[in-house]
Number of protein chains: 2
Amino acid sequence: MNLKEFSHRIGLSPTTVSRALNGYPEVSERTRRKVLESAERLGYTPNSRAARLATGRAMTIGHILPLSKEHEMVNPIFSDFIAGAGEQYSRSGYDLSLSVVRDEDEEEAYRDLATRGVVDGVVIHGPKVEDPRIRLLGELGLPFVVHGRSSRVQGEYNWVDVNNRRAFSRATEFLLDLGHRRIGLINGLDGMDFATRRLNGYGDALAARGIARDPELVFSGEMTENYGFATTMRMFDSPNPPTAILISSIIPAMGARRALHDLGIGLGDEVSVVIHDDDLSYFRNEGDVPIFTATRSSVREAGRLCADILLDTIRGAQDERRHVLLEADLTVGQSTGPAPAMRHLLGRDRAAALRRPQALT
Amino acid sequence: MNLKEFSHRIGLSPTTVSRALNGYPEVSERTRRKVLESAERLGYTPNSRAARLATGRAMTIGHILPLSKEHEMVNPIFSDFIAGAGEQYSRSGYDLSLSVVRDEDEEEAYRDLATRGVVDGVVIHGPKVEDPRIRLLGELGLPFVVHGRSSRVQGEYNWVDVNNRRAFSRATEFLLDLGHRRIGLINGLDGMDFATRRLNGYGDALAARGIARDPELVFSGEMTENYGFATTMRMFDSPNPPTAILISSIIPAMGARRALHDLGIGLGDEVSVVIHDDDLSYFRNEGDVPIFTATRSSVREAGRLCADILLDTIRGAQDERRHVLLEADLTVGQSTGPAPAMRHLLGRDRAAALRRPQALT
DNA sequence: GCAGAACTTGAAACCGCTTTGAACGATGAA
DNA sequence: TTCATCGTTCAAAGCGGTTTCAAGTTCTGC
């Protein structure tokens, strides 16, 4: 049933019905009640396609999920972020549109969303240190918010970020305080803004204690379980392995744990691990004493915040650009302990001998 | 710029321009080329909102992501499925709309999508054994495809499923052939169709060898890492633990591995594990010899197939309902081996003693 | 009792595209 | 040469809402 028929049936004009349903003040309370009740009874719902054309609003927020041909990987934090943001969209009557594109087509995809008029705003995921998408969206005049920041981009824009630098400098200090001196870093992909900030935080803390950064202990890559495994193996295959490792996500941390296990190295005992925990719903680092010592910041909460800011911007309630910097609290779990005094006993030979798990047990 | 202005500028009627851009045969090749080239040059793109109203098509597929208040968990396979499906949508010029709703509002959400006319079809995720959504969508007349099946629902509908029963009976047989007799099952949530089929497959294989199913060895729950950990701990806290475990996803398998490690029980050696592997992009069970012996079926591929079927149905190219049953191949990895003869030595006492990892190393 | 303000309601234009039905010129057959 | 046919193009009527502007009602204040 369309508006014309519905309004005719209840003996009112389309104008009045439209106003009543959209909460305009010009209709009397009595009429509004009648309209709402009749709509319920007769099962009338306005057609969104028509409303969107008439109002010029798409009532939709766009998210773009780029897939690179090489890695073919979906960022595991994506779904939790979306869950948080989507919750807020629903609450405000907005839809969420997701475009899956090859990463080389990503800019084109933003352009497309804007000119086709299917979204009122977009969220930028995973900004690089110098991300061209920010300038592009500015030029397109499409409201947006960045989940993260882009250090080398000039100008104001909305963003929600974790204080990655502080989180990683604190985590590093924590390990230093435990007596660790050789600390590895299993970081995210090179070029990603968050990875750079984490690296800086780690570097700062080391520098403050006068410790040189050993490039052999720093890795960057896509944060899969296998990546965590491979990099950990690599570190312990050297004559001078670390006594502690910082890991950028719980997923590679799983791989690191597997590696340590295979090598027969005690986690939290012989080697300490601190992770950054995005509080993924299927991978909770919880319990009285969490498995991993971690700097935690809920990505779902970040999604909610991004959504709120973006919707405010779109509704024009927000003139200036907004920034939210989330602090990640450090929670001590089972994966950290004092640096072992005997660390030098561990070296290439033992690592090689222990490579196969069966050889151990 | 809108169609009126654009067509005026290039000296053609809106009709002709619209036809040229949409590939109708009535326009001459020369005119079409001119239109396409001018559109490119002047930067004209049709407004989708208007096109959607005019055609009555939403050019959008809906996905609903339900969040339960208790678990608050996002299915980890969701993002990979979406990646697969979204790829196909893009290819066909369709958008993907994602609605995040509380699970008690899920049916209402489908109803809403249908009456508001914002989608042309939807995908049903995670069907229960008897899922009311299938009948509902039938009544609403909204094209749909189910990722999975619903055993106790009558009638025809599109679906793409893995042969869960066969996969789990084969995995069980594989373990039986290795001499295992006490085999645990860490399954998905009770009531989910896939979980029921897996349980049946497991039960079939045991029954075929005359082995009684021990309820103490079967668990169902939401497939988190912690769930895998807790259930494994529980199994080994009994006087008669299993020598092998089947696990429904690689995520709880991580937890199971952690538990075995904490208990000091060798994986693949003292205890065998077979998982079902959805081939998640950030969690690849790969390598020359994969970590886990697994029945594998790519959820991303399932997403692609669902999208293809749904789009065919919407375009009317498809009259009958379509079904795809994917077979999961069993790949042998490092996590399985012959049943240890000395299994009876392991019991409650040793398990209790080994509970804390530090006590071991 | 009446002018003017304050409420309510409705007619019609509009959002920007698609598509029907008509018109036009060119071509070919009679 | 004329008429039917074909290939192109266009004017105008939708699609189903929202919103402007005008008009009708009911209140106020005097």
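The basis for the numbers below is simple: all heavy atoms, side chains too, and nothing from hydrogens, waters or symmetry mates. Residue numbers start from 1 in every chain, and the chains themselves are labelled A, B, ... in the order their sequence lines are given, proteins ahead of strands.
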Output the rounded distance in Å from [atom1] ([X]) to [atom2] ([N]).
X	N	atom1	atom2	answer
Arg30(A)	dC7(C)	CZ	P	17 Å
Lys34(B)	dT8(D)	NZ	P	15 Å
Arg116(A)	dC17(C)	CZ	C1'	14 Å
Glu29(A)	dT9(C)	CD	C1'	15 Å
His8(B)	dT9(D)	NE2	P	18 Å
Phe6(A)	dG17(D)	CZ	C1'	14 Å
Leu21(A)	dG16(D)	CG	P	16 Å
Leu3(B)	dA12(D)	CG	P	16 Å

**Study point:** Member of Arg321(A), His323(A), Arg322(A) meeting the side chain to side chain donor-acceptor pair (under 3.5 Å) criterion with Glu156(A)
**Key:**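 Checked Arg321(A), His323(A), Arg322(A) against Glu156(A); only one passes side chain to side chain donor-acceptor pair (under 3.5 Å): His323(A).
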Classify the side chain of [X] versus the base of [N] as yes if they form a donor-acceptor pair under 3.5 Å and no if they do not.
X	N	answer
Arg49(B)	dT18(D)	no
Arg19(B)	dT20(C)	yes
Thr15(A)	dT19(D)	yes

**Study point:** Ionic contact status for Asp131(B) with Arg149(B), cut-off 4.0 Å
**Key:**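 Looking at Asp131(B) together with Arg149(B), the answer is no, because their closest N to O distance does not fall below 4.0 Å.
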Check your understanding: Salt bridge check: are Arg102(B) and Glu87(A) linked by an N-O gap of less than 4.0 Å?
Key ->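 No, Arg102(B) and Glu87(A) are not salt-bridged.
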Check your understanding: Hey, what's the ring geometry for Phe78(B) with His63(B), parallel, tilted or perpendicular (30° and 60° as the breaks)?
Key ->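 If you compare the ring of Phe78(B) with that of His63(B), the planes turn out perpendicular.
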Pick base, sugar-phosphate or nothing for [X], based on heavy-atom distances below 4.0 Å to the nucleic acid.
X	result
Thr31(A)	sugar-phosphate
Ser28(A)	sugar-phosphate
Tyr44(A)	sugar-phosphate

Check your understanding: If every non-hydrogen atom of Asn158(A) is compared with every non-hydrogen atom of Thr313(A), which pair is closest and at what distance?
Key ->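 Here Asn158(A) and Thr313(A) meet closest at ND2-OG1, 3.3 Å.
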Go through [options] for me and flag the one nearest to the [X] side chain.
X	options	value
Ala54(B)	dG17(D), dC10(D), dG14(D)	dG14(D)
Leu53(B)	dT18(D), dG16(D), dT19(D)	dG16(D)
Ser13(A)	dG17(D), dG16(C), dG10(C)	dG10(C)

Please determine if a side-chain N or O atom of [X] lies less than 4.0 Å away from the OP1 or OP2 oxygen of [N].
X	N	answer
Ser18(A)	dG17(D)	no
Asn47(B)	dC15(C)	no
Tyr24(A)	dT19(D)	yes

Exercise for review: Select from Arg57(A) and Ala50(A) the residue whose nearest nucleotide in DNA chain D is closer to the 5' end of that strand.
Suggested key: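 The residue closer to the strand's 5' end, by nearest nucleotide, is Ala50(A).
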Practice item. Tell me which of Glu26(A) and Asn2(A) sits closer to the 5' end of DNA chain D, going by the nucleotide each one is nearest to. Key: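 Final value for this comparison: Asn2(A).
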Point to revise | side-chain hydrogen bond (donor to acceptor under 3.5 Å, both in side chains) assessment of Asp193(B) paired with Ser150(B) | key: CA-CA 6 Å; Asp193(B) 197 78; Ser150(B) 193; 5.1 Å; no
